[in-house]
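One-based numbering, in listed order, for ligands and for the atoms of each. Numbers for residues simply follow the sequence, beginning at 1.
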Amino acid sequence: MDTTSIRTDFPILGQKVNGHPLVYLDNAATSQKPQSVIDTLVTYYENYNSNVHRGVHTLGTIATERYEEAREKIRKFINARSTKEIIYTKGTTNSLNMIATGYGRANLTQGDEIVISPMEHHANLIPWQQAAQATGASLKYFPMKADGTLDLEDVRRTITDHTKIVACTQVSNVLGTINPVKEIAEIAHEKGAVMVVDGAQSTPHMAIDVQDLDADFFAFSGHKMLGPTGIGILYGKQALLDAMEPVETGGEMIDEVDYYRATWADLPWKMEAGTPNIAGAIGLGSAVDYLNQIGMDAISEYETELGRAAYEAVSAISGVTVYGPEQRAGMVSFNIEGIHPHDVSTALDAEGIAVRAGHHCAQPLHRRLECASTVRASFYFYNTLEEIEKLTRGIKDAKEYFGHVL
Ligand code: 7TS
């Protein structure tokens, strides 16, 4: 990975923070944006800002074309069969809520089961709790092994003939665990359940093929993959989306309306009520162009190297606990014995190193890890091995600063 050249594409990375070159290691929260994405947003607002799918004036036509071209780029990026299966949303949270409401509540009933993993982000947990409460279905969990991985035999035992929905993250945003969602989908399908994949932490970092995974629904966010905030994708198999009622109704999503009834537009617009995030969608298309130019396989290979290096270096520091399996995505969550994660994060920030401290929207998982919170360093392809060395040194400095003696 030619990070020297790549980093010049990201204007924010050139700055100093607290007198030190910025070391941005909070990519699981949100990624930075290359100049090409920033330029796409500026060009939209400067040159052809218009609403889509409405007027026939020139700017509106250009905006509509670019908005739909971006959808095609995203379709190709995850290998969906059709752009009808690519719904623009606000992000992963919005996509998962749409599935839990539009599909879950409509299809679940008393006695049915929803099965999820113990490492879900709240976005793939609370909507299922709510769907279970609203329908009388029960919520069940796969067991998780001590190293933070799932065992397919456990998965097979947990999914039953009563299971209607299985929802699982492809990559844990805390442990970095890469879950075998393709195999889980196969087991779910054997039992007649639909498979929902939370792709928030996988889509930015590895090649995704929704047909190969055989996911029924797949959700991700633009802002974690070089795109703007406020835009994300809900992928769903066309037959499932066709059978779903729109979650929101109003403008844009209709075919014919009279004073007492209405009919819906075709997919994907049926699911996109109101003026969408036009700049965001076009910006996400531009982010996809940038990622394709680097290559998703090259990105995942390089980040695996970063993840391994960070895991080895950080877990070698005495008094430090690293959570999650050895084989992991490009992130490392840890605690230093006796020092609060927020203090660690503040000490690292003083050296220009941005990490996240907290429960990372996975409170039940942290309870399971027997800690209230962790420090998380998460990488992207513009990060370097030198930055991981700085992180390691920063952790050792923090230990010393807080007078940690072991
Ligand atoms: N699912 C997973 C696995 C996530 O990591 C996140 C965000 C979401 C869903 C929700 O995505 P959103 O774009 O709708 O907010 N995770 C994080 C995180 O780990 N730190 O900040 C946001």
**Report entry** Any residue meeting side chain to side chain contact (heavy atoms under 4.5 Å, CB included) with A207, in chain and number order, not counting sequence neighbours
**Finding:**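 Listed in chain order: M296, D297.
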Query raised in the report: Mind checking what makes salt bridge (charged side-chain N to carboxylate O under 4.0 Å, His left out) contact with R367, not counting sequence neighbours?
Result: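 R367 satisfies salt bridge (charged side-chain N to carboxylate O under 4.0 Å, His left out) with no other residue.
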Report task. Decide yes or no on ring pair (Phe, Tyr, Trp, His ring centres under 6.0 Å) for Y67 and Y88, but give the supporting numbers first. Result -> CA-CA 10 Å; Y67 178 76; Y88 285 126; 4.7 Å; yes
Query - Partners passing salt bridge (charged side-chain N to carboxylate O under 4.0 Å, His left out) against E312 (at least two apart in sequence or in another chain) - result: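 E312 satisfies salt bridge (charged side-chain N to carboxylate O under 4.0 Å, His left out) with no other residue.
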Report task. Kindly indicate whether a cation-pi arrangement holds for R66 with Y48, taking the cut-offs as under 6.0 Å to the six-membered ring centre and within 45° of the axis. Result ->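 The answer is yes, since R66 meets both limits relative to Y48.
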Query raised in the report: Who are the residue neighbours of ligand 1 when the rule is a heavy atom under 4.0 Å from any of its atoms?
Result: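 Shell around ligand 1 (4.0 Å, heavy atoms): A28, A29, T92, T93, H121, A123, T169, N173, D198, A200, Q201, S221, H223, K224, R356, R376.
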**Report entry** E183 atom CD, over 12 foreign heavy atoms within 6.0 Å
**Finding:**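 Yes - once you tally the heavy atoms of other residues, nucleotides and ligands closer than 6.0 Å, there are more than 12.
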